[in-house]
Each structure stands twice: as structure tokens, then as C-alpha cells.
Colleague: 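Pasting a structure here, questions to come.
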Amino acid sequence: QAQLVESGGGLVQPGGSLRLSCKASVNVFSISTMEWYRQAPGKQRELVATITTSRRTDYADSVKGRFTISRDNVDNTVYLQMNSLKPEDTAVYYCYARYFSAWGQGTQVTVSS
């Protein structure tokens, strides 16, 4: 059973940056695609970014060119670097280990002046 713990959320002004981290309790990274999702109030959870075991990445159109997903297989951590943040990026962000169908508890990101 994989446990995932996110961190790095907070309040940031429009145009600012944040880096989210998701640390796994076990070595999921050699076998699992990792993903970041987000859920805004009153909206469905949506896929934001994906990174495969071979480090191939994919992004939602709304974040392309602004967000970067990466992984550290030694430290069992996946990151989401978020730049040029907009108010519409406000949401709870979750990481997901596809192989284990495991979710983290989420971290709040609020973009506001």
C-alpha cells in the first residue's frame, strides 16, 4: 500500500510561483506513472500533469508552458513547479500513483491579490 503526502501549497499573488512536492512511502516510482490532479470548489477533479516511468510528460492545455512535472526516483518524490499562476489555478492539488490507485491528502493552492 503506497502512501502519498503532498506539501508546498499556499497563498500566492497572480504571476507568482509555487512548487508542490509529493513524497511516497514506498518506492513507487520504478513501476508507476505519477499524476497531479486539482479540484476547485464546485468543480470536478481534473488531471493537470502526468509523468511516466520513462519520464515522458503530458499536461492539460490550461497549464502548458506554465507548469512542469518532474520526479526524483531516489527520493521517491514527484514535483509540480507552477509558474505564472492565475486566479483560476486556485484549487486543492492531489498527487496520484496510478499503479497503486493511491491518492495523497491534497494541498491547497490559492492565487489571489
Side-chain angles (χ1 to χ4, degrees):
Q1 181 74 17
Q3 293 184 336
L4 307 175
V5 179
E6 299 101 335
S7 61
L11 173 64
V12 63
Q13 292 187 343
S17 298
L18 283 174
R19 188 176 82 154
L20 306 183
S21 300
C22 171
K23 188 168 179 64
S25 60
V26 296
N27 184 8
V28 304
F29 289 172
S30 62
I31 57 175
S32 182
T33 288
M34 300 297 296
E35 296 174 323
W36 284 98
Y37 285 77
R38 67 185 181 187
Q39 187 166 21
K43 295 187 177 181
Q44 289 189 330
R45 193 170 295 190
E46 64 171 346
L47 177 61
V48 174
T50 300
I51 186 164
T52 68
T53 54
S54 60
R55 300 180 187 271
R56 188 176 71 250
T57 60
D58 196 16
Y59 299 92
D61 287 343
S62 58
V63 306
K64 278 182 182 177
R66 301 189 297 122
F67 289 12
T68 303
I69 189 171
S70 61
R71 62 194 296 163
D72 182 336
N73 288 352
V74 173
D75 197 35
N76 295 337
T77 302
V78 62
Y79 301 98
L80 186 68
Q81 178 66 44
M82 306 185 296
N83 299 327
S84 302
L85 283 161
K86 304 175 181 180
E88 51 263 44
D89 295 318
T90 296
V92 178
Y93 284 72
Y94 300 88
C95 66
Y96 179 68
R98 192 186 292 179
Y99 181 86
F100 295 93
S101 298
W103 292 93
Q105 84 288 353
T107 186
Q108 176 71 46
V109 172
T110 302
V111 184
S112 175
S113 55

Colleague: Is any side-chain heavy atom of Gln39 less than 4.5 Å from a side-chain heavy atom of Gln44?
Modeller: no

Colleague: Does Val48 share a hydrophobic cluster with Tyr79, counting links as ILVMFWY side-chain heavy atoms below 4.5 Å and allowing steps through other members?
Modeller: no

Colleague: State whether the side chain of Asp72 and the backbone N or O of Val74 hold a donor-acceptor pair below 3.5 Å, judged by distance alone.
Modeller: yes

Colleague: Between Asn83 and Ser17, is a side-chain hydrogen bond (donor to acceptor under 3.5 Å, both in side chains) present by the stated rule, with each step listed?
Modeller: CA-CA 4 Å; Asn83 299 327; Ser17 298; 2.9 Å; yes

Colleague: For Ala40 and Ala91, work out which heavy atoms get closest and say how close.
Modeller: N-CB, 3.8 Å

Colleague: So which heavy atom on Tyr59 is nearest to which on Thr57, and how close?
Modeller: CE1-OG1, 3.7 Å

Colleague: Any heavy-atom pair between the side chains of Val5 and Gln105 that's under 4.5 Å?
Modeller: yes

Colleague: Return yes if some donor-acceptor pair links the side-chain N/O of Glu6 with the main-chain N/O of Ser21 below 3.5 Å, else return no.
Modeller: no

Colleague: Which atoms form the tightest heavy-atom contact between Ala2 and Ala102, and what is the distance?
Modeller: O-CB, 3.6 Å

Colleague: Please name the pair of heavy atoms, one in Arg66 and one in Ser84, separated by the smallest distance, quoted to 0.1 Å.
Modeller: NH1-O, 3.0 Å

Colleague: Check Thr50 against Arg98 and note the closest heavy-atom contact, atom names and distance.
Modeller: CG2-NH2, 4.0 Å

Colleague: To the nearest 0.5 angstrom, please state how far the CG atom of Leu85 sits from the OG atom of Ser112.
Modeller: 12.0 Å

Colleague: Running the 4.5 Å side-chain criterion over Ile, Leu, Val, Met, Phe, Trp and Tyr, what cluster does Trp103 land in, apart from itself?
Modeller: Tyr37, Leu47, Val92, Tyr94, Tyr96

Colleague: Please lay out, stage by stage, how Ser54 and Thr52 fare under the test side-chain hydrogen bond (donor to acceptor under 3.5 Å, both in side chains).
Modeller: CA-CA 5 Å; Ser54 60; Thr52 68; 3.1 Å; yes

Colleague: Test side-chain contact (heavy atoms from CB on, under 4.5 Å) on Leu20 and Thr107 and set out the steps.
Modeller: CA-CA 8 Å; Leu20 306 183; Thr107 186; 4.0 Å; yes

Colleague: List in chain and number order the residues that pass salt bridge (Lys or Arg N to Asp or Glu O under 4.0 Å) with Lys64, two or more places apart in sequence or in another chain; answer none if no residue qualifies.
Modeller: Asp61

Colleague: Does Gln81 use its side chain to pair, donor to acceptor, with the backbone of Ile69 at less than 3.5 Å?
Modeller: no

Colleague: What is the minimum heavy-atom distance between Val109 and Gly9, and which atoms define it?
Modeller: CG2-CA, 4.2 Å

Colleague: What distance separates Ser113 OG from Leu11 CG, expressed to the nearest 0.5 Å?
Modeller: 9.5 Å

Colleague: Once rounded to the nearest 0.5 Å, what's the spacing between atom CG of Leu80 and atom SG of Cys22?
Modeller: 10.5 Å

Colleague: As an exercise, state the distance from CZ of Phe67 to CZ of Arg38, rounded to the nearest 0.5 Å.
Modeller: 5.5 Å

Colleague: I'd like to check Tyr93 versus Gln108 (side-chain heavy atoms, cut-off strictly below 4.5 Å). Are they in contact?
Modeller: no

Colleague: Answer yes or no: is there a side-chain heavy-atom contact under 4.5 Å between Ile51 and Trp36?
Modeller: no

Colleague: Roughly how far apart are Lys23 NZ and Thr77 OG1, rounded to 0.5 Å?
Modeller: 4.0 Å

Colleague: Quick one: disulfide bond (SG atoms under 2.5 Å apart) pairs with a partner in residues 55-89, sequence neighbours left out?
Modeller: none

Colleague: Starting from the C-alpha separation in whole Å, work towards a yes-or-no answer on side-chain contact (heavy atoms from CB on, under 4.5 Å) for Met82 and Arg19.
Modeller: CA-CA 6 Å; Met82 306 185 296; Arg19 188 176 82 154; over 6 Å; no

Colleague: To the nearest 0.5 Å, what is the distance between CZ on Arg55 and OG on Ser70?
Modeller: 8.5 Å

